[in-house]
Student: 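Before I ask anything, let me first share the structure, which is written out below as C-alpha coordinates.
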Amino acid sequence: MKYVLLTLLMAFLFIAAPHKAEAQASYKDGALVSQEVIAPLMRWVEAQTGVRVPYLPKVLASRSQLVDIVGKMDRLPGRARALYTNGTVVLDHQRFDSRDSTQLSLLVHELVHFAQSFRNQSAYACAQAKEVEAYQLQNKWLEERGHRPFVRASWIERVSTCPATPARTIAVAAAY
(Lines give C-alpha, C1' and ligand atoms only; values in the text may rest on other atoms or scores of the structure.)
Protein backbone atom coordinates (compact mmCIF):
# COMPACT_ATOMS: atom_id res chain seq x y z
CA MET A 1 0.00 0.00 0.00
CA LYS A 2 2.89 2.33 0.81
CA TYR A 3 4.29 1.78 -2.71
CA VAL A 4 0.95 2.58 -4.35
CA LEU A 5 0.54 5.76 -2.34
CA LEU A 6 4.13 6.73 -3.13
CA THR A 7 3.62 6.34 -6.85
CA LEU A 8 0.37 8.29 -6.83
CA LEU A 9 2.06 11.18 -5.08
CA MET A 10 5.37 11.05 -6.90
CA ALA A 11 4.30 13.54 -9.53
CA PHE A 12 3.10 16.11 -7.03
CA LEU A 13 6.24 15.86 -4.91
CA PHE A 14 8.64 16.99 -7.60
CA ILE A 15 6.53 19.30 -9.75
CA ALA A 16 7.98 22.69 -10.43
CA ALA A 17 5.15 25.08 -9.70
CA PRO A 18 3.86 25.83 -13.21
CA HIS A 19 0.76 27.55 -11.80
CA LYS A 20 0.13 29.58 -8.71
CA ALA A 21 -3.25 30.09 -7.20
CA GLU A 22 -4.44 33.62 -7.86
CA ALA A 23 -7.30 33.46 -5.38
CA GLN A 24 -6.82 33.34 -1.64
CA ALA A 25 -7.32 29.91 -0.10
CA SER A 26 -10.75 29.66 1.48
CA TYR A 27 -10.48 26.62 3.76
CA LYS A 28 -9.23 26.16 7.29
CA ASP A 29 -6.95 23.23 8.09
CA GLY A 30 -9.10 20.12 8.47
CA ALA A 31 -12.18 21.48 6.68
CA LEU A 32 -14.17 19.20 4.40
CA VAL A 33 -14.80 20.32 0.84
CA SER A 34 -18.53 20.33 0.15
CA GLN A 35 -20.26 17.85 -2.11
CA GLU A 36 -21.50 20.84 -4.14
CA VAL A 37 -17.89 21.38 -5.20
CA ILE A 38 -17.04 17.70 -5.62
CA ALA A 39 -20.15 16.33 -7.38
CA PRO A 40 -19.94 18.22 -10.69
CA LEU A 41 -16.24 17.44 -10.97
CA MET A 42 -16.89 13.77 -10.25
CA ARG A 43 -19.63 13.67 -12.90
CA TRP A 44 -17.17 15.09 -15.41
CA VAL A 45 -14.54 12.49 -14.42
CA GLU A 46 -17.12 9.70 -14.70
CA ALA A 47 -18.06 10.88 -18.21
CA GLN A 48 -14.41 10.98 -19.26
CA THR A 49 -13.34 7.65 -17.73
CA GLY A 50 -16.53 5.65 -18.22
CA VAL A 51 -16.30 4.64 -14.56
CA ARG A 52 -19.40 5.07 -12.39
CA VAL A 53 -18.47 5.59 -8.78
CA PRO A 54 -20.94 4.43 -6.11
CA TYR A 55 -20.26 7.38 -3.79
CA LEU A 56 -18.24 10.57 -3.61
CA PRO A 57 -14.90 10.51 -1.84
CA LYS A 58 -14.21 12.46 1.32
CA VAL A 59 -12.22 15.56 0.33
CA LEU A 60 -10.23 17.08 3.17
CA ALA A 61 -8.49 20.46 2.96
CA SER A 62 -5.56 20.00 5.31
CA ARG A 63 -1.94 20.96 4.82
CA SER A 64 -1.01 19.26 8.09
CA GLN A 65 -2.60 15.97 7.03
CA LEU A 66 -0.95 16.19 3.60
CA VAL A 67 2.46 16.83 5.15
CA ASP A 68 1.94 14.00 7.65
CA ILE A 69 1.06 11.43 4.98
CA VAL A 70 3.83 12.47 2.60
CA GLY A 71 6.34 12.63 5.45
CA LYS A 72 5.59 9.03 6.42
CA MET A 73 6.61 8.08 2.89
CA ASP A 74 10.10 9.48 3.46
CA ARG A 75 9.52 12.20 0.87
CA LEU A 76 9.82 15.97 1.05
CA PRO A 77 6.32 17.23 1.76
CA GLY A 78 6.96 20.85 0.76
CA ARG A 79 5.86 20.47 -2.85
CA ALA A 80 2.93 18.13 -2.35
CA ARG A 81 -0.33 19.78 -3.32
CA ALA A 82 -2.83 16.93 -3.22
CA LEU A 83 -3.10 13.17 -2.89
CA TYR A 84 -5.60 10.36 -2.97
CA THR A 85 -5.50 7.51 -0.49
CA ASN A 86 -8.07 4.99 0.71
CA GLY A 87 -11.20 6.82 -0.43
CA THR A 88 -9.99 10.25 0.70
CA VAL A 89 -8.57 13.14 -1.27
CA VAL A 90 -6.35 15.46 0.75
CA LEU A 91 -5.69 18.97 -0.54
CA ASP A 92 -3.41 21.71 0.78
CA HIS A 93 -5.85 24.09 2.51
CA GLN A 94 -3.29 26.91 2.25
CA ARG A 95 -3.55 26.79 -1.55
CA PHE A 96 -6.90 25.24 -2.37
CA ASP A 97 -9.63 27.61 -3.45
CA SER A 98 -12.72 26.19 -5.12
CA ARG A 99 -12.96 29.34 -7.27
CA ASP A 100 -9.52 28.79 -8.81
CA SER A 101 -9.46 26.57 -11.92
CA THR A 102 -5.89 25.42 -11.39
CA GLN A 103 -6.65 24.36 -7.84
CA LEU A 104 -9.82 22.60 -8.98
CA SER A 105 -7.75 20.77 -11.59
CA LEU A 106 -5.72 19.24 -8.75
CA LEU A 107 -8.98 17.92 -7.32
CA VAL A 108 -9.98 16.61 -10.78
CA HIS A 109 -6.65 14.76 -10.96
CA GLU A 110 -7.25 13.09 -7.59
CA LEU A 111 -10.88 12.28 -8.50
CA VAL A 112 -9.52 10.41 -11.51
CA HIS A 113 -7.47 8.29 -9.09
CA PHE A 114 -10.60 7.75 -7.02
CA ALA A 115 -12.46 6.54 -10.13
CA GLN A 116 -9.51 4.30 -11.03
CA SER A 117 -9.86 2.59 -7.67
CA PHE A 118 -13.13 1.09 -8.96
CA ARG A 119 -11.41 -0.53 -11.94
CA ASN A 120 -9.66 -3.85 -11.99
CA GLN A 121 -6.12 -3.01 -10.91
CA SER A 122 -4.72 -5.39 -13.53
CA ALA A 123 -5.79 -2.76 -16.09
CA TYR A 124 -2.57 -0.91 -15.19
CA ALA A 125 0.95 -2.16 -15.87
CA CYS A 126 2.07 -0.51 -12.61
CA ALA A 127 0.82 2.11 -10.18
CA GLN A 128 2.65 4.90 -12.02
CA ALA A 129 0.70 4.06 -15.20
CA LYS A 130 -2.39 5.56 -13.56
CA GLU A 131 -0.79 8.99 -13.82
CA VAL A 132 -1.23 9.09 -17.61
CA GLU A 133 -5.01 9.23 -17.41
CA ALA A 134 -5.02 11.51 -14.36
CA TYR A 135 -2.73 14.12 -15.89
CA GLN A 136 -4.31 13.94 -19.34
CA LEU A 137 -7.77 14.51 -17.89
CA GLN A 138 -6.48 17.26 -15.61
CA ASN A 139 -5.03 18.99 -18.68
CA LYS A 140 -8.23 18.41 -20.68
CA TRP A 141 -10.36 19.87 -17.89
CA LEU A 142 -8.17 23.00 -17.81
CA GLU A 143 -8.13 23.33 -21.61
CA GLU A 144 -11.92 23.11 -21.75
CA ARG A 145 -11.98 26.13 -19.47
CA GLY A 146 -9.51 28.15 -21.53
CA HIS A 147 -6.39 27.45 -19.46
CA ARG A 148 -3.07 26.04 -20.49
CA PRO A 149 -2.19 22.46 -19.54
CA PHE A 150 -0.93 21.82 -16.02
CA VAL A 151 1.98 19.68 -17.22
CA ARG A 152 3.54 18.77 -20.56
CA ALA A 153 3.23 15.40 -22.27
CA SER A 154 6.94 14.77 -21.61
CA TRP A 155 6.32 15.19 -17.86
CA ILE A 156 3.41 12.77 -17.99
CA GLU A 157 5.54 10.22 -19.80
CA ARG A 158 8.36 10.59 -17.28
CA VAL A 159 6.20 10.17 -14.16
CA SER A 160 4.06 7.38 -15.58
CA THR A 161 6.83 5.09 -16.77
CA CYS A 162 6.80 1.76 -14.98
CA PRO A 163 10.06 0.81 -13.30
CA ALA A 164 12.12 -1.76 -15.11
CA THR A 165 11.82 -5.20 -13.59
CA PRO A 166 15.06 -7.10 -12.98
CA ALA A 167 14.14 -9.55 -15.78
CA ARG A 168 13.50 -6.71 -18.22
CA THR A 169 16.74 -4.99 -17.25
CA ILE A 170 18.68 -8.20 -17.81
CA ALA A 171 16.98 -8.79 -21.16
CA VAL A 172 17.75 -5.25 -22.32
CA ALA A 173 21.37 -5.56 -21.20
CA ALA A 174 21.68 -8.92 -22.97
CA ALA A 175 20.41 -7.36 -26.20
CA TYR A 176 23.43 -5.06 -26.34
Side-chain angles (χ1 to χ4, degrees), residues 1-23 41-42 44-51 57 59 63 66-67 69-71 73-85 89-92 94-98 100-176:
M1 182 61 188
K2 184 176 179 181
Y3 178 75
V4 171
L5 184 59
L6 169 67
T7 57
L8 293 175
L9 293 173
M10 181 175 61
F12 287 113
L13 297 176
F14 299 105
I15 245 176
H19 297 276
K20 292 191 180 204
E22 298 299 323
L41 299 174
M42 192 73 250
W44 186 88
V45 168
E46 287 177 319
Q48 301 302 310
T49 63
V51 174
V59 179
R63 175 76 182 153
L66 185 66
V67 168
I69 294 168
V70 174
M73 297 168 47
D74 297 325
R75 298 289 177 198
L76 298 175
R79 293 189 180 172
R81 297 179 182 191
L83 64 86
Y84 167 74
T85 183
V89 172
V90 183
L91 304 167
D92 183 345
Q94 293 175 348
R95 295 183 183 189
F96 184 72
D97 187 318
S98 61
D100 181 277
S101 295
T102 300
Q103 293 302 309
L104 283 174
S105 81
L106 296 172
L107 178 52
V108 166
H109 180 107
E110 300 308 330
L111 293 176
V112 171
H113 289 311
F114 177 69
Q116 289 170 338
S117 72
F118 293 96
R119 284 190 181 138
N120 183 340
Q121 295 306 306
S122 65
Y124 305 98
C126 64
Q128 292 94 315
K130 295 177 181 181
E131 295 301 332
V132 172
E133 183 178 35
Y135 276 119
Q136 286 176 344
L137 290 178
Q138 179 180 9
N139 282 346
K140 182 178 181 179
W141 189 87
L142 282 166
E143 288 170 2
E144 286 180 0
R145 282 143 188 85
H147 300 283
R148 64 188 175 115
F150 189 74
V151 292
R152 294 186 194 108
S154 59
W155 170 262
I156 297 170
E157 183 178 336
R158 191 169 49 248
V159 300
S160 63
T161 301
C162 294
T165 61
R168 181 176 173 213
T169 304
I170 292 168
V172 170
Y176 290 104

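Because the structure is predicted, anything quoted here is derived from the model rather than measured.
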Student: State the CZ-NZ distance between Arg145 and Lys140, to the nearest 0.5 angstrom.
Tutor: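 Result: 10.5 Å between the selected atoms.
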Student: Just jot down the side chain to side chain contact (heavy atoms under 4.5 Å, CB included) partners of Glu46, sequence neighbours excluded, or say none.
Tutor: Met42, Arg43, Arg52, Val53
Student: When you compare the side chains of Trp141 and Gln48, does any donor N or O come within less than 3.5 Å of an acceptor on the partner?
Tutor: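 Checked: Trp141/Gln48 side chains show no N/O donor-acceptor pair below 3.5 Å.
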Student: For residues Leu111 and Val89, report the shortest heavy-atom separation together with the two atoms involved.
Tutor: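 Closest heavy-atom pair between Leu111 and Val89: CD2-CG2, 4.5 Å.
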Student: Return the orientation label for the Phe150 and Tyr135 ring planes: parallel under 30°, perpendicular over 60°, tilted otherwise.
Tutor: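 The arrangement is parallel - the two ring planes meet at less than 30°.
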Student: So, for Asp97 and Gln103, which heavy atoms are closest and what is the spacing to 0.1 Å?
Tutor: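 That would be O-CB, 3.7 Å.
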Student: Is Arg152 atom CZ crowded by more than 12 heavy atoms from other residues, nucleotides or ligands, each under 6.0 Å away?
Tutor: no
Student: Just jot down the side chain to side chain donor-acceptor pair (under 3.5 Å) partners of Ser101, sequence neighbours excluded, or say none.
Tutor: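 Once residues adjacent in sequence are excluded, the partners of Ser101 under the side chain to side chain donor-acceptor pair (under 3.5 Å) criterion are His147.
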Student: Please report the closest heavy-atom contact between Gln116 and Ala134, naming both atoms and the distance.
Tutor: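 Gln116 and Ala134 have their closest heavy atoms at NE2-N, 4.3 Å.
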Student: Could you give the distance from OG1 (Thr85) to CG (Leu66), rounded to the nearest 0.5 Å?
Tutor: 11.5 Å
Student: With sequence neighbours excluded, tell me which residues meet side chain to side chain donor-acceptor pair (under 3.5 Å) with Glu157.
Tutor: none
Student: For a quick test of reading the model, state the closest non-hydrogen atom pair linking Ala115 to Val51 and the distance between them.
Tutor: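 Shortest heavy-atom contact: O-CG1, 3.4 Å.
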Student: Could you tell me which residues satisfy side chain to side chain donor-acceptor pair (under 3.5 Å) with Arg119, sequence neighbours excluded, listed by chain and number?
Tutor: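 For Arg119 the side chain to side chain donor-acceptor pair (under 3.5 Å) partners, ignoring immediate neighbours, are Tyr124, Glu133.
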Student: Minimum heavy-atom separation for Ile156 and Glu131, please, with both atom names.
Tutor: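 Heavy atoms of Ile156 and Glu131 come nearest at CG2-O, 4.4 Å.
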